[in-house]
Each structure stands twice: as C-alpha cells, then as structure tokens.
Amino acid sequence: MPHTEDLSDLLKQRLKKLQVLQKKGKTTFAYSFKDKQDIGSVTSKYFKLEASQEGEKAKIGGRIVAFRQHGKATFADVADSSGKIQLYFAADVLGKRYEELSELDIGDIAGFEGLVFKTRRGELSLKVEKYQLLTKSLRPLPEKWHGLKDVETRFRQRYLDLIANPRAREIFSIREKALRTIRNFLNDKGFAEVDTPILQPLYGGATARPFVTHHNALDRDLYLRIAPELYLKRLLIGNMEKVFELGRNFRNEGLSIKHNPEFTMLEVYQAYADYNDMMDLTEKLIKEMVNVASGSLKITYQDKEIDFSKFEKISMIESIEKLGKVKVSFDMNVAELKKIAKNNEIKLQDFWGKGHIINAIFEKLVEPQLIQPTFVTDFPVEVSPLARTNQKDENLAERFELIVFAREVANAFSELTNPIEQRKRFEEQIKTEARDEVPQVIDEDFIKALEYGMPPAGGLGVGIDRLLMILTDSYSIKEVILFPHLRTFE
RNA sequence: GGGCCAUUAGCUAAACCCGGCAGAGCAGCGGACUCUUAAUCCGAAGGUUACAGGUUCCAUUCCUGUAUGGCCUACCA
C-alpha cells in the first residue's frame, strides 16, 4: 500500500472505502469474470431495437466511466475494449443491492448481468439485475468532458490517455491494423517473417550511433541493432528467397518530432528482383495500408490533402533541376558543386565528394517540396554503400526513396551482391565517415557470406512510425508510439 | 548541445502584461430526485501556484537558478 502522508484526499477516501468493503468480505480484486460478452457485439446486435423495446439477457464487464444518479434510478456508462454501453440500475429491480451501489465508483472495473433494452430516449442500455465489483480503482480518472490534455501525462501514463481520449485509442487501433495489413500482404505474396538479432556484435546497415550494452558471461560489448539489413541479406545467401522483418531499430541520436531512439522498421528482401520490383511492391503495400487505415486513398495530413492513388516518379538529378531550379551533374567538378551548395546555404563536410554534395542539394532544395507520394530514383552511389551501381551510370545507384510530405517513408535498392565491391565500399565509407565516438569496423562475416554468393535481390525498408504519422494525421512521432521515450526521473 | 515557451486542486483551467485575501467547472464528499446521458438542484470541502533562491512592506505575478515537458534548431540515409 502506498504511503499515506503524501496521498491526495481522493486516494485516502478510496483506500478507506476499499478497507470497508474488504471487512464486509466483498471481492475487491476478483480472480476472473467468465463468459463476458464484448460490449461492441452487444451494441451491434441490438442497435436496431426500437425505443422502450427489450432484447435478451447479456453479461458484460468493463470500466465504469460515468454515473448519473436520480434517486431510485441510476445510470452509468461502462466501457471495454470493444465499445461503451449505458447501464440502468433501478431500485425496484435491484432491491437491497441498489442501496449498496455506492460500492462502485467511476474508474472501477465491474461485471454486469441483465436485460438489454432501449430507453424511452432510444439509448441502448443494460437493465442491471446483478453486478459485481471486479477491481477497485484507487485513483481518480481524468476529467470526463475535456479528457486528458497534459502532454507529459498522456505519454508517461499512456493508459490514462487510452482511457480518457478516444483519439488515442483510434490511433493505436490504426497502428494495429496497419501492422496486420503488412503481415497479411507479405504473407500472401510468399514472404516469410523472420527474427534476426537485436543484440549484434557489430552494427551496420545504416549510419547512426548505436546503443552499446554488455554481455556479462561472454564479457564483451554488444550493440542494439541500428538496422537488420546485413542479417536479412545473410538469409538470402542461405536460400531464403523472400523474407521480411518487422521490428525495432535503435539509434543513439537526438529526439525530435520525427525521431524516437527506438522505432519500428519493415525490411523486405526478395531474391531475383531489383529496385523496380521493390517500387511496385512498395506502391501496392502503401496503398493497401492507406486504404485500410482511412478507407480512402486520399487523406489529409496537417491540412494538406495527400493523394495516394498516384505515385510520382522522378530521378534525383532531374528533380533538382525541375524543382530545385539549379542544374547539377556528375560532369561538373567538385568546386562547381560546392559553389552551388554554398549559394544555397548548404553546410558541407570536408570529406564529401560529388555524390554527397548532390544529395545535400536535393535534401535542401527539393525534399521539402515533395508533398505528394513521390519515388525519387537514382541516388548517388556515394551515399548508397549497400546498393548496386546503376547499369547506365556508374555514379548512380539503383536506389529510390519514397517521399511523402517531405519525409522519407521508404528506401529501397537493388542490393549489391559483389563481395569485392562491397568491401571497397565499406573501406571507402570508413575512411571518409569515420566517427569519433564509436569505431566503424567492416563486418567481415558479412563479406564472407557474400563470397558464398548472394542472388540478385531487391531490398526495401519502410519507416513504420513515420508512415503512421501520416496515416493518423499526427504531428509528432510520440503520438503513434505507445510509450515514447521521455526522460525518467525519481 | 543552443534558443524560445510552459508548469496553478485528481483533471480542465482563470488571475500574471500593470505585484495587494488564488476565482471556477468536472470529479470527490453530504443532501433532494425512478428514463438520464457534459443529468439537474441545494450544501460543505479541496491550493506549499513545479522546486530553490532573490527583489519588495507585500510575489502565482518581477529577477536568477534547477527539474520536467513542448516547439524550433543541431546530430540522425
């Protein structure tokens, strides 16, 4: 039991009430409640009843969220995960048990049996014949009308957000549907869901700082994965032709409106396919997710209409000329490209070559303009260390990103399968991008695996949280993650 | 990491500019009421104004610091 001195009066009252009930031998924390019907199935079965008409008996349970007392009649609202229904307690039905109604409070979890009927005003209700406290609630719920608004409390005590705010429930229901859609979609197409290590002896597949942890028995450091990519490719080498992983990545970087240190990522790999196949797959998958989430391919995000019925396609260099209004090409020398970047207030790093500079120009001048779903293709090889070189231009990679509302939603490429070139790319990357904090090491075991032969393959990554932000019109990533990262304190 | 803003009762919030007894609604408590649904009506409560300092006769209000959160920015394919 919590210490009494720093408790609010409300909590003290409830604790006292609990003790009184327990002294009387009443159940205050029940073990179970069998044969409970979903409120949602009761309401959908009887919604057609006429006012004052009766249905059949039902047994329901849930959290009491409101009371309206009228002397010898009392109304209450009870909610479970499937819905909400009104309860009607009448003194002439309940007799002595009516007098004992005060053992129930708002917030309690309780079970009810009685006759389903519609009131004179047409509200579907349960005329309670038996009721039973299942769990006594000791703390007051947030306000019934305004709900819970304090952002910090909403995220720290998400359960209160879910109890009080219907919108929170909707968002996480959409999230659940979206995840199910991904699994069904890929299962139907013959992809196998796999689980690869989250604790990795080396990290790779992206550039980001990792979280470091320690295995005591082996006495060695391990990293929480920043991406599953290199393990999934090992599966392609192991003759698993179509695999996907839907899981958490961890990146030890700053927090923002679109960054949480752990986030959900979908990665899909298909042997004998290339980035054009992945583009096709991406478009179909995203369309299905949008449709499932909103029932339409046109949605509104932050007051802008986004139309998922058609996906634009443009190459990076083309987009810079068309939307960025500057001409860039790999025929220019580095000095010329740096000048363009400088003119547009783009910060450059010393080690950057043409590819990085062009990519930076794209991100600054073009990306913010890409609101409608757009595949941007043909990224510079220099910023695509795991992608295969474009057959027509060795400066470019067979890679695309799907941009929606200026955000990268998906990233895919024809996978680099040549172990000799892969080693070169890694070496290049380490030379130029060496980070001070954590050493970058080549994953020799991955190179070794490639040396056994990886089939040609297309790979795709989708940032699920960012996509869900768009699907649920959420401004912050915290809105779509059940327990977003917040500083903890005593 | 840097900048701006916020923190008042369990919840939603007023007063803060321009210093003078912190005012409500909901929830809770007592009472009336047998079809209400943000029920209604009557009554009595509930506050270390995030925390620690400072200025002042007087601080929720002005100043400084700390904590937490939000937004912007930086880092982050």
Side-chain angles (χ1 to χ4, degrees), chain A residues 7-14 16-17 51-52 65-77 84-94 98 102 105-107 117-125 127 137-157 160 163-165 205-210 226-227 229 249-261 263 347 349 355-356 359-360 362-363 367 376 379-380 382-387 397 399 401 408 410-413 429 433 435 437 461 463 475-476 478 484 486-490:
Chain A
L7 296 186
S8 75
D9 291 345
L10 299 170
L11 187 39
K12 283 183 199 158
Q13 273 171 20
R14 289 279 178 103
K16 205 174 157 195
K17 200 164 186 174
S52 302
V65 293
F67 265 114
R68 295 177 290 281
Q69 285 171 291
H70 300 73
K72 299 234 157 48
T74 293
F75 296 89
D77 297 328
K84 193 164 121 177
I85 194 170
Q86 174 170 267
L87 303 170
Y88 173 59
F89 302 88
D92 52 11
V93 175
L94 284 162
Y98 190 85
S102 64
D105 288 299
I106 289 177
F117 78 110
K118 257 192 188 166
T119 63
R120 281 175 221 160
R121 299 271 174 101
E123 172 90 13
L124 190 68
S125 308
K127 189 181 286 181
S137 165
L138 299 177
R139 292 179 186 269
L141 290 182
E143 211 246 352
K144 62 180 171 184
W145 184 242
H146 296 91
L148 178 66
K149 292 193 173 160
D150 183 82
V151 208
E152 191 176 348
T153 311
R154 285 188 46 229
F155 296 151
R156 280 195 198 281
Q157 296 175 272
L160 292 181
I163 292 169
N165 298 327
T207 47
R209 280 172 288 186
I226 58 174
E229 173 150 358
N249 288 348
F250 306 84
R251 297 190 184 171
N252 204 342
E253 309 283 355
L255 305 170
S256 88
I257 207 148
K258 43 183 187 176
H259 295 87
N260 195 61
F263 60 98
K347 274 190 234 159
Q349 305 216 37
H356 263 112
N359 185 54
F362 166 78
E363 284 179 5
E367 211 170 51
V376 176
F379 278 56
E382 196 187 316
V383 296
S384 315
L386 297 161
R399 171 180 172 189
E401 280 191 0
E408 301 147 25
N411 179 22
F413 27 91
Q429 197 187 7
E433 294 187 11
R435 294 272 210 119
E437 302 90 352
Y475 184 60
S476 166
K478 289 189 166 75
L486 297 175
R487 204 177 297 246
T488 49
F489 58 97
E490 278 299 295

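Per chain, numbering begins at 1; letters A, B, ... match sequence-line order.
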A.B. asks: Show the distances under 3.5 angstrom between N or O atoms of the protein and N or O atoms of nucleotides 5-9 of chain B.
C.D. replies:
none

A.B. asks: Consider the side chain of R156(A), meaning its heavy atoms from C-beta on, and name the nucleotide among rU68(B), rU12(B), rC35(B) that approaches it most closely.
C.D. replies: rU68(B)
A.B. asks: Could you tell me whether the side chain of N359(A) reaches within less than 4.5 Å of the side chain of E363(A), counting heavy atoms only?
C.D. replies: yes
A.B. asks: In dot-bracket form, how is RNA chain B paired, counting a Watson-Crick or G-U wobble pair only if both its distances are under 3.5 Å and using | for bases paired to another strand?
C.D. replies: (((((((..(((.......[...)))..((((.......))))......(((((..]....))))))))))))....
A.B. asks: If we take the P atom in both rC71(B) and rG30(B), what is their distance in whole Å?
C.D. replies: 42 Å
A.B. asks: Just jot down the salt bridge (charged side-chain N to carboxylate O under 4.0 Å, His left out) partners of D77(A), sequence neighbours excluded, or say none.
C.D. replies: R68(A)
A.B. asks: Of all the choices, rU37(B), rA13(B), rG70(B), which nucleotide is nearest to the side chain of L486(A) once you look at every atom?
C.D. replies: rG70(B)
A.B. asks: List in chain and number order the residues that pass ring-ring contact (aromatic ring centres under 6.0 Å, His included) with Y88(A), two or more places apart in sequence or in another chain; answer none if no residue qualifies.
C.D. replies: F75(A), F117(A)
A.B. asks: I'd like to know if the side chain of Q86(A) reaches the main chain of L124(A), judged simply by a donor and an acceptor atom lying under 3.5 Å from each other, with no hydrogens or angles considered.
C.D. replies: no
A.B. asks: How many Å lie between NZ on K347(A) and C1' on rC75(B), as a whole number?
C.D. replies: 10 Å
A.B. asks: Rounded to the nearest 0.5 Å, what's the gap from OG on S125(A) to CG on L87(A)? Could you check?
C.D. replies: 8.0 Å
A.B. asks: Please confirm whether the shortest side-chain N or O distance from R139(A) to OP1 or OP2 of rG10(B) is below 4.0 Å.
C.D. replies: no
A.B. asks: Between E123(A) and D92(A), name the one whose nearest nucleotide on RNA chain B is closer to the 5' end.
C.D. replies: D92(A)
A.B. asks: Using the P atom as the reference point in each nucleotide, state the distance between rU55(B) and rC63(B) in Å, no decimals.
C.D. replies: 15 Å
A.B. asks: Less than 4.5 Å apart, any side-chain heavy atom of P261(A) and any of N252(A)?
C.D. replies: no
A.B. asks: Taking only side-chain nitrogens and oxygens of R68(A), does any of them come within less than 4.0 Å of OP1 or OP2 of rU40(B)?
C.D. replies: no
A.B. asks: Base, backbone or nothing for each nucleotide of nucleotides 24-33 of chain B, written B, S, -, heavy atoms under 4.0 angstrom, 5' to 3'?
C.D. replies: -BBSSS---B
A.B. asks: Where the side chain of A206(A) is defined as all heavy atoms beyond and including C-beta, which of rA77(B), rU68(B), rG70(B) is the nearest nucleotide?
C.D. replies: rA77(B)
A.B. asks: Starting at CZ of F89(A) and ending at C1' of rC35(B), how long is that distance when rounded to a whole Å?
C.D. replies: 15 Å
A.B. asks: What interatomic distance, in whole Å, is found between P of rC29(B) and the corresponding atom of rA39(B)?
C.D. replies: 15 Å
A.B. asks: Quick one: L124(A) CG to rU36(B) P, roughly how many Å, whole number?
C.D. replies: 16 Å
A.B. asks: In this structure, how many angstroms lie between the C1' atom of rU36(B) and the NZ atom of K127(A), rounded?
C.D. replies: 15 Å
A.B. asks: Taking side chain to side chain contact (heavy atoms under 4.5 Å, CB included) as the test, write out the residues that go with S52(A), two or more places apart.
C.D. replies: R120(A)
A.B. asks: Measure the spacing between CG of N249(A) and CG of N260(A) and express it to the nearest 0.5 Å.
C.D. replies: 12.0 Å
A.B. asks: Find the distance between CG (D150(A)) and CZ (R156(A)) and round it off to the nearest 0.5 Å.
C.D. replies: 10.0 Å
A.B. asks: Just to be sure I understand the rule, does P385(A) reach a base, reach only the sugar-phosphate, or reach nothing, if contact means heavy atoms closer than 4.0 Å?
C.D. replies: base
A.B. asks: List in chain and number order the residues that pass side chain to side chain contact (heavy atoms under 4.5 Å, CB included) with K72(A), two or more places apart in sequence or in another chain; answer none if no residue qualifies.
C.D. replies: A91(A)
A.B. asks: Can you tell me how far C1' in rU68(B) sits from the matching atom in rG25(B), rounded to whole Å?
C.D. replies: 27 Å
A.B. asks: When the C1' atoms of rU7(B) and rU60(B) are compared, how many Å lie between them, rounded to an integer?
C.D. replies: 11 Å
A.B. asks: Are any protein N/O atoms closer than 3.5 Å to N/O atoms in nucleotides 71-73 of chain B? If there are, list each pair with its distance.
C.D. replies:
from: rC72(B); atom 1: OP1; to: Y475(A); atom 2: OH; distance (Å): 2.5

A.B. asks: Between rG46(B) and rU61(B), how far is it from one C1' atom to the other, in whole Å?
C.D. replies: 23 Å
A.B. asks: Any donor-acceptor pair under 3.5 Å joining the side chain of Y88(A) to the base of rU34(B)?
C.D. replies: yes
A.B. asks: In whole Å, measure the gap between the P atoms of rG10(B) and rU56(B) for me.
C.D. replies: 34 Å
A.B. asks: What is the distance from CZ of R120(A) to C1' of rU37(B), rounded to the nearest Å?
C.D. replies: 15 Å
A.B. asks: Would you tell me if any nitrogen or oxygen in the side chain of R487(A) comes within less than 4.0 Å of OP1 or OP2 on rU68(B)?
C.D. replies: yes
A.B. asks: Nearest whole angstrom, please: distance from the C1' of rA77(B) to the CZ of R209(A).
C.D. replies: 15 Å
A.B. asks: Suppose we screen for salt bridge (charged side-chain N to carboxylate O under 4.0 Å, His left out). Which residues come up paired with K478(A), at least two apart in sequence or across chains?
C.D. replies: none
A.B. asks: Please give, in whole Å, the distance from rC11(B) P to I163(A) CD1?
C.D. replies: 14 Å
A.B. asks: Within this structure, what is the CZ-to-P distance between F75(A) and rU40(B), rounded to whole angstrom?
C.D. replies: 14 Å
A.B. asks: Can you list the residues that meet the side chain to side chain contact (heavy atoms under 4.5 Å, CB included) rule with N411(A), with sequence neighbours excluded?
C.D. replies: R399(A), E401(A), F413(A)
A.B. asks: Determine whether a donor-acceptor pair (one donor, one acceptor, N or O, separation below 3.5 Å) exists between the side chain of T119(A) and the base of rU36(B).
C.D. replies: yes
A.B. asks: Mind checking side chain to side chain contact (heavy atoms under 4.5 Å, CB included) for P142(A) and listing every partner two or more places apart, or none if nothing turns up?
C.D. replies: L148(A), L160(A), A164(A)
A.B. asks: Taking salt bridge (charged side-chain N to carboxylate O under 4.0 Å, His left out) as the definition, give me every residue that meets it alongside R154(A), ordered by chain and number, with sequence neighbours left out.
C.D. replies: D161(A), E479(A)
A.B. asks: With rounding to the closest Å, how many angstrom separate the P atoms on rA13(B) and rC26(B)?
C.D. replies: 16 Å
